[in-house]
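Chain identifiers are assigned alphabetically (A, B, ...) following the order of the sequence lines, protein sequences preceding nucleic acid strands; residue numbering begins at 1 within each chain. Only heavy atoms go into these numbers, but all of them, side chains included; no hydrogens, no water, no symmetry mates.
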Amino acid sequence: MGLPNKYDAKEAEPRWQKFWEENKIFKFDPDSKKQIYSIDTPPPYASSGHLHVGHALHYTQFELIARYKRMRGFNVYFPPCFDNNGLPTEKYVEEKFKISKAQTTRAEFRKLCTEESAKIEQAYADRFFRALGHSYDWDLLYTTINPEAQKVSQTSFVELVQQGDCYQAEEPTIWCTKHQTALAQAEVEDLKRSTKINHIYFDMEEGSKIEIATTRPEFLPACVGIFVHPADNRYKNLVGKNAIVPLFGSKVPISTDESVDMEFGSGILMVCTFGDNADIDKWKRHKLPVKMIVTNNGKLNEQCGKYAGMSLLEGRKAIIEDLKREGYFLRDEPIEQTVGSCWRCNTPVEFIVTKQWFIKALEYKDALIEQGRKIKWHPEFYRKRFEDWTTNLAWDWCISRQRFYGVPIPAWYCKKCGEVMLPEKEDLPLDPTTVNPKKNCKCGSSEFIPEDDVFDTWMTSSMSPEIAIRWLEKPEQFKKMFPVTLRPQSHDIIRTWAFYTILKSYLHFKAIPWENIAIGTFVLDPKGKGMHKSEGNVVWADELLEKYSVDVLRSWVGTATFGEDLGFQEKELVAGQRFLTKLWNASRFGMMHLEDYSEKPKKLQIMDKWILAKMHKTIKYATTMLDSYKTGSAKREVEQFFWHTLCDNYLELIKDRLYNPDKRGKEARASAQYALYQSILSVLKMMAPVVPHITEEIYQGYFAEKEGKKSIHISYWPAYDENEVDEEAEKAGDIAVDIISTLRRYKSEKNLSLKIPITKLEIHCETALQDTIKLIMDDIKDAAIVEDIQFGTNVDTPCSKFPIELGITLGEIKKKEN
RNA sequence: GGGUCCAUAGUCUAGUGGUUAUGACAACGCCCUUACACGGCGUAGGUCCCCGGUUCGAAUCCGGGUGGACCCACCA
């Protein structure tokens, strides 16, 4: 019985992690009648590098919620998972084996990717999830490339095509010329850069000249229209006439468009297919012809005459030189611009007309916003970001990618009539490049061309709730659990992961995918700047774990609030370290005095009722906060109660009763023991989700046996009981603390030891308070070493919180005899 | 250009209509009190960003600034 003097976290933490896993403490029970709390865990991309502290925080932040809900009596469904699908893996394999997709077959390449990711994931799970003490049910593990996930992804495709929400179209598509694949709007990021705006002349068919400004003269061969603002008097006479494209000689009509900015450049704008989004917009509205001049790998094509085969930049240079030589070049000026670029490689995107698969999103905007409002967002304001994105969406979702590694698009095209052939759902998952359709085409042909594109990774990720709770494998379970209770995720992927998941769930089930979405904390460096490898300000979680224990790191995580950024401060870890020590020592103190604790005595002393009242108020507050995902507020309140109310005041108040039972009697001692037991146990439980290892160690050292539980993490969260909140006792206790604190300050200001006894204490206050004070006289005597208390008027020291004044007569400190 | 969030002691931070404005770190003074010196008790430190409004009363609500972070759009 009793705890050792020091807590050895390095020894204890792995021991408990092993205990939890071996005893399946976090196992989901499919047969349980308890209410289910399910989590749509974000599948991390498992890397072999260091662990970013932001990543550790992000995953631990909602892990706390899982632990909390488990203690609240929920049957928690918490699957671990990995994202090993898509470009990151492909890129990793290309680099590791120094191969490219051109040098290998699709099947071989995919095999390499699968093998490599499995290896990395195993290591990652050990040094990340397990090391941080995460409470997943490992039997529920899934990865985004495993057959079941692929089946979900492909089934989604087949169903959406069948119901008309997924279609194939030949349209301008956002294109990465480096990866040679189509991209979705959400995969495009801003790239700020300096370039030159070139002012050039166009000849008019009739003979005059006009001036046009362009940053992309290489698009001259693709020029299909020229526009001026309808109110621009300078150019009224041009409208309806043709201009001649310099160097290329084609005739282009001049029209008006409201969107032209008269102030910019010369006020005359050319539209090329396709230099940017604005070109596409005008091309669509004015039904202009298409002149595609860019190849899939970013070169000028045969439409460009002598410039064919040049890269876009080479073409630009050559065309500018020729414009200069021919006298069409007026001048250039430097300009700052922001262009869209591929989120993976930063290559500026182009717009190329290709045949791609799209999922309808534009026509469901209103419905999606409606769905978003049915979900509880934590914090609420992030819903706005979702709504803004949805409102401003300009494209349907392009889901096809011209890559190797990824979920194959399950479709074939009839060689004869071109009709799309889909597989039967029960045959999924499949790779159309290795199997043929089981039926002939409607036209009778049995020859097919397989689709060899793969899905955008979000095609699978957007089905994560369905994959997590086994939509196709366990339809009964799915019915019971959908929508999932919680989606935790970061704010930067609201427009992708959250958006697509809500879209999919709407298209398939006309339902919301989850009841709650919690936006994780974003970690900043101590100066409040984002952590970036290139700036060298990244803090690595694995390095912190060498210096501090897991519980210390988690304690810091516990201070975070969902949706709010958090600056990393190492001193916060020191605070966590101290908290653990304090918790350990206070628990040690408790156990020292609880060896002979049996049960609740018939009558409780006033200060014991006081601490119980404070404790229940803390329980109520912490519970309310955690129920609304405010972990930081809950933790702060519990710590405040523990450190200041319980340790600094209550433990000091009851020492005399505990150590000297003869003085105030066995009943008084038993009463203190009861309140001590309850308050320490409550603190341990309320802190257990945050610091699971040390609380387990303490719990197992004493409370587990009393409560008959295998682990604190499946014990019951302390229950708030308003009958335990005795307002009268609470007030009396507060007065006692106020008086004791005033006496401490009195001694402290005189630079005296707190051990100096007070021989006589006179108290002056309203008669109404006197009865209350009589209740706590013995406690004041115990805690502040007061020999005699009486009511009187010879006073000069006011208390700080209550209208009470004190008269203090000090005695002499008794020297200890050695 | 549009939007969201934020602004409180040297630093970080709590606090959504009435508190003597919370706590932590740092500073200073005292105290080795039998759980803990990784501790305890105190002290000092604030125009709650600025201006206006609502209100009996504003750090808190509203409007307008200023500064910062992020999201979206975007100039041919």
Side-chain angles (χ1 to χ4, degrees), chain A residues 2-3 5-7 185 190 197-198 212-217 219 226-227 257 259-261 263-272 275-279 282 335-340 379-389 391-394 491-492 494-495 522 524 526-530 559 561 563-572 574-593 632-633 636-637 639-640 643-644 647-648 651-652 655 658-659 680 740-741 743-756 783 785 800-801 813 816:
Chain A
L3 300 171
N5 286 353
K6 296 268 179 201
Y7 169 64
Q185 186 179 345
D190 284 353
I197 182 154
N198 304 281
I212 292 183
T214 176
T215 52
R216 305 199 70 182
F219 269 90
I226 292 176
F227 291 89
D257 194 287
S259 71
V260 177
D261 181 352
E263 308 292 315
F264 193 91
S266 62
I268 305 178
L269 156 76
M270 70 170 181
V271 168
C272 306
D276 61 18
N277 264 317
D279 284 343
K282 285 179 203 58
I335 189 174
E336 293 298 313
Q337 68 171 179
T338 309
V339 295
E380 167 68 25
F381 65 77
Y382 274 109
R383 178 211 314 281
K384 182 88 174 121
R385 193 171 286 190
F386 166 77
E387 291 187 2
D388 287 350
W389 173 260
T391 306
N392 294 322
L393 205 65
H491 65 73
D492 54 336
I494 288 175
R495 62 184 180 149
F522 198 75
L524 305 172
K527 289 174 194 152
K529 301 281 173 203
T559 64
T561 303
E564 283 179 24
D565 294 350
L566 183 66
F568 176 80
Q569 312 276 351
E570 188 152 352
K571 72 180 188 200
E572 296 293 332
V574 175
Q577 181 66 62
R578 288 193 191 147
F579 173 76
L580 295 190
T581 307
K582 190 79 177 173
L583 186 63
W584 183 257
N585 284 314
S587 302
R588 254 179 54 199
F589 173 84
M591 288 181 202
M592 276 170 58
H593 297 284
S633 302
R636 195 180 316 113
E637 194 74 7
E639 272 186 23
Q640 183 70 22
W643 205 303
H644 300 295
C647 292
D648 291 349
L651 296 189
E652 296 305 323
K655 271 182 183 169
L658 293 173
Y659 280 110
I680 289 186
I740 291 161
S741 157
L743 295 174
R744 283 170 175 168
R745 191 185 321 123
Y746 181 85
K747 290 178 186 173
S748 190
E749 278 171 356
K750 294 190 159 40
N751 288 350
L752 298 168
S753 165
L754 294 179
K755 269 177 102 177
I756 291 187
I785 320 176
S800 42
K801 294 200 173 96
I813 189 160
K816 261 188 205 163

Next on the checklist: Under 4.0 Å, heavy atoms only, any strand: does Ile785(A) hit a base, just the sugar-phosphate, or nothing?
Outcome noted: nothing
Taking 4.0 Å as the cut-off, does a side-chain nitrogen or oxygen of [X] come that near to OP1 or OP2 on [N]?
X         : N       : result
Lys755(A) : rC41(B) : no
Trp643(A) : rC36(B) : no
Arg745(A) : rU43(B) : yes
Ser753(A) : rC32(B) : no
Arg578(A) : rC25(B) : yes
Lys747(A) : rC41(B) : no

Checklist entry - How does protein reach along nucleotides 70-76 of chain B, written 5' to 3' as B (base within reach of a heavy atom under 4.0 Å), S (only sugar-phosphate), or - (no contact)? => result SSSSBBB
Next on the checklist: Is it the case that over 12 heavy atoms from other parts of the model lie below 6.0 angstrom from the OH atom of Tyr382(A)?
Outcome noted: yes
Item to check | Side-chain heavy atoms of Thr581(A) within contact of Tyr7(A), under 4.5 Å | outcome: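 A side-chain contact under 4.5 Å is absent here.
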Next on the checklist: Only Watson-Crick and G-U wobble pairs with both distances less than 3.5 Å should count. Give RNA chain B in dot-bracket notation, marking inter-strand partners with |.
Outcome noted: ((((((((.[[[..)..(....]]].(((((.......))))).....[[[[[..)....]]]]])))))))....
Checklist entry - What distance, rounded to whole Å, do you find between the two C1' atoms, one in rU43(B) and one in rA26(B)? => result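 Each nucleotide's C1' atom is 15 Å from the other's.
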Item to check | P atoms of rC71(B) and rG52(B), separation to the nearest Å | outcome: 35 Å
Item to check | Side chain of Phe381(A) (C-beta onward), nearest among rG3(B), rC36(B), rC5(B) | outcome: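 The closest nucleotide is rC5(B).
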Checklist outcome for this item: Taken in chain and number order and not counting sequence neighbours, the residues that satisfy salt bridge (Lys or Arg N to Asp or Glu O under 4.0 Å) with Glu572(A) are none
Checklist entry - Between Met592(A) and Ala575(A), which has a closest nucleotide on RNA chain B that is more 5'? => result Ala575(A)
